[in-house]
There are 2 protein chains.
Amino acid sequence: MLSFSEENYLKAIYHIEQLQTEGASTNTVAKKMQTKASSVTDMLQKLADKRLVVYKKYQGALLSAKGKKIAASVIRKHRLWETFLVNKLNFSWDEVHDIAEQLEHIKSEKLIDSLDAFLEFPRVDPHGDPIPDKDGNMTKQKKVMLSTLKENQQSKLVTIKDSSDNFLRYLDKKQIAIGNTIKVIAIEPFDKSIQVQIEGREFMITEEVAENLLVEIPSLTLPKVKRTN
Amino acid sequence: MLSFSEENYLKAIYHIEQLQTEGASTNTVAKKMQTKASSVTDMLQKLADKRLVVYKKYQGALLSAKGKKIAASVIRKHRLWETFLVNKLNFSWDEVHDIAEQLEHIKSEKLIDSLDAFLEFPRVDPHGDPIPDKDGNMTKQKKVMLSTLKENQQSKLVTIKDSSDNFLRYLDKKQIAIGNTIKVIAIEPFDKSIQVQIEGREFMITEEVAENLLVEIPSLTLPKVKRTN
DNA sequence: TAAAAAATTTAGTCTTGTCTAAAAATATTT
DNA sequence: AAATATTTTTAGACAAGACTAAATTTTTTA
């Protein structure tokens with residue numbers, strides 16, 4: 001039986017591996033866990049003893065198959081609980097993270113599978129992130145930052161990168177939601193701000209916002225546009 | 001913010017106070033918490049420092065108003081989660097205790113109040129125990145052991161004392177449920193076993209079982225019975 | 001009411017997970 | 001490649017919460 005802390009480290013390493021394919025360095029983990037490098041070293045050693053990560057001094061850690069499975073199950077629980085809070089208890093998506101951080105450590109397979117069924121087997125959570133199945137598999141969606149799209153390309157918003165309360169509230173205010181179709185109308189070369197059309201409404205977003213909106217990879221062919229010259 | 005352990009101690013003391021009106025002795029708490037007396041002493045000292053209990057060396061502890069409120073809120077959470085598990089996720093009543101022991105420590109007032117509303121403000125949990133309201137008040141039902149009833153008396157099963165899996169499964173097997181009307185048909189003087197009629201079915205239960213079934217205090221007057229001599 | 005028994009507390013130790021400061025290894029720069 | 005900077009590890013300490021063994025207080029018994 002793992003402690004909350006061990007589970008949190010595994011989850012952090014999992015997320016880091018997703019971002020960069022390589023192993024997670026001590027410092028990267030420390031930043032993610034908001035702790036000190038020396039504490040991370042201790043924990044990596046312990047997780048290595050338990051065969052949950054492969055750890056080599058001065059070279060960071062990689063999840064073992066066992067570690068990956070546990071990390072995925074923690075993420076599964078986190079995302080199912082978030083879905084519960086939003087869909088059943090009417091929480092808004094910026095309120096659920098901290099509570100799910102606690103709920104993800106509740107130990108009961110039966111509980112989480114019952115919850116899954118109760119929610120009718122959702123495949124993504126309220127933020128658009130995929131929910132791993134019982135075996136830890138999840139449909140790893142291909143996605144790109146909205147800021148990489150060219151003018152006239154459009155795609156569907158699948159996830160957000162930053163999930164701070166501030167950003168989530170910004171999205172609510174602008175009525176931007178997971179699943180919305182977003183079209184890039186024009187890109188201002190000076191500051192890279194983007195004129196977008198979202199569900200019919202047209203307005204401007206900054207480059208920073210565009211870098212935190214992840215959309216489906218759009219079809220490679222641009223829609224043909226009549227040239228006027 | 002209290003630790004899980006501190007919350008568990010407060011809850012244990014609360015339950016002990018309910019049973020015996022006096023303060024909780026070190027040993028009683030140790031037994032309830034399945035720990036050693038010396039550990040209890042340490043914790044009582046700590047809780048006293050935080051003004052959650054009134055503690056005098058060698059004389060046990062009593063909950064302060066603040067301590068009582070926290071204990072009641074933990075019990076509220078426990079019982080609401082049990083209700084959720086049984087009513088929404090279709091757990092049986094013997095499966096919910098251990099999971100609720102974990103869930104009761106989740107910190108979020110909004111969560112628990114939303115859950116309360118989602119469950120439509122239940123007043124008792126699946127074991128028949130009253131659920132404290134937001135302010136920690138609960139309708140303290142008056143109840144007695146079934147074994148204290150006389151022949152021909154009848155009453156309604158409101159709670160059980162022992163809530164071990166074994167006992168709960170026994171009750172399921174015998175189809176005894178909270179709310180059932182139970183009538184004492186006859187008491188065997190030799191072993192104090194009791195012939196009962198429960199929801200129309202008549203059978204025998206041991207004294208031990210009768211001591212763990214708590215029923216409403218029956219009306220004081222016995223139903224009149226025709227004398228045959 | 002003195003002696004024995006039981007309950008409680010104290011003292012010292014252990015584990016988990018954290019920290020700071022210093023040492024060691026790796027990476028970067030000149 | 002040597003010097004410097006950065007990263008990582010080690011060593012030692014601390015707090016929480018538990019434990020054992022010994023000491024102390026309270027309660028019971030004779």
Side-chain angles (χ1 to χ4, degrees), chain A residues 1-14 16-17 19-20 22-63 67 70-71 74 101-102 104-107, chain B residues 1-14 16-17 19-63 67 70-71 74 101-102 104-105 107:
Chain A
M1 185 111 313
L2 298 186
S3 70
F4 285 23
S5 193
E6 290 169 320
E7 289 189 346
N8 283 333
Y9 272 97
L10 292 177
K11 188 178 54 149
I13 298 168
Y14 187 99
I16 292 167
E17 283 186 8
L19 286 179
Q20 31 160 83
E22 333 149 31
S25 75
T26 303
N27 258 1
T28 319
V29 176
K31 199 168 290 172
K32 190 129 210 163
M33 293 289 297
Q34 313 227 70
T35 183
K36 300 290 157 155
S38 56
S39 309
V40 175
T41 300
D42 288 349
M43 183 55 91
L44 291 185
Q45 188 52 62
K46 193 186 352 164
L47 294 175
D49 290 347
K50 296 190 176 186
R51 312 285 146 168
L52 298 171
V53 301
V54 177
Y55 167 63
K56 273 221 173 146
K57 265 192 193 178
Y58 295 102
Q59 315 215 131
L62 254 162
L63 290 177
I70 293 172
V74 175
E101 283 290 303
Q102 301 178 60
E104 72 189 5
H105 300 295
I106 302 294
K107 267 97 178 166
Chain B
M1 185 110 319
L2 297 188
S3 69
F4 284 22
S5 193
E6 290 169 320
E7 288 189 347
N8 284 333
Y9 273 97
L10 291 177
K11 188 177 56 149
I13 297 167
Y14 187 99
I16 292 166
E17 283 185 9
L19 286 178
Q20 32 160 80
T21 338
E22 333 149 29
S25 75
T26 304
N27 260 359
T28 319
V29 176
K31 198 167 293 173
K32 190 130 210 160
M33 291 291 296
Q34 312 227 72
T35 186
K36 301 288 157 160
S38 56
S39 309
V40 175
T41 301
D42 288 350
M43 183 55 91
L44 292 184
Q45 187 52 62
K46 201 206 316 185
L47 294 175
D49 290 347
K50 297 191 176 184
R51 311 286 147 167
L52 298 171
V53 301
V54 177
Y55 167 64
K56 273 221 173 142
K57 265 192 196 178
Y58 297 101
Q59 314 215 131
L62 254 162
L63 289 177
I70 293 172
V74 175
E101 284 291 302
Q102 300 178 59
E104 73 189 5
H105 301 295
K107 267 96 177 167

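Naming: A, B, ... by sequence-line order, numbering from 1 per chain. Worth knowing before you read on, the calculation uses all heavy atoms, side chains too, and leaves out hydrogens, waters and symmetry mates.
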Using a heavy-atom cut-off of under 4.0 Å over every strand shown, decide if S39(B) touches base, sugar-phosphate, or nothing.
-> base
Looking across every strand, which nucleic acid part, if any, lies under 4.0 Å from T41(A) by heavy atom: base, sugar-phosphate, or nothing?
-> base
Using the side chain to side chain contact (heavy atoms under 4.5 Å, CB included) rule, take T35(A) and M43(A) through it: C-alpha gap first, then chi angles, then the decisive distance, then the call.
-> CA-CA 11 Å; T35(A) 183; M43(A) 183 55 91; over 6 Å; no
Ignoring hydrogens and geometry, is there a side-chain-to-backbone donor-acceptor pair from E22(B) to E17(B) under 3.5 Å?
-> no
Check: A37(B) main-chain N/O paired with T41(B) side-chain donor or acceptor under 3.5 Å | yes
Interatomic distance, [X] [atom1] vs [N] [atom2] [rounded to whole Å]:
{"X": "Q45(B)", "N": "dA15(D)", "atom1": "CD", "atom2": "C1'", "result": "16 Å"}
{"X": "K31(A)", "N": "dT8(D)", "atom1": "NZ", "atom2": "C1'", "result": "14 Å"}
{"X": "K36(B)", "N": "dA16(D)", "atom1": "NZ", "atom2": "P", "result": "23 Å"}

Chi angles and distances behind the side chain to side chain contact (heavy atoms under 4.5 Å, CB included) call for V53(B), L62(B) = CA-CA 5 Å; V53(B) 301; L62(B) 254 162; over 6 Å; no
Hey, what do you get for CD (E6(A)) to OH (Y9(A)), rounding to the nearest 0.5 Å?
-> 10.5 Å
Heavy-atom contacts under 4.0 Å between residues 4-12 of chain B and DNA chain D, which residues?
-> S5(B), Y9(B)
Just wondering, more than 12 heavy atoms not from K107(A) lying within 6.0 Å of its NZ?
-> yes
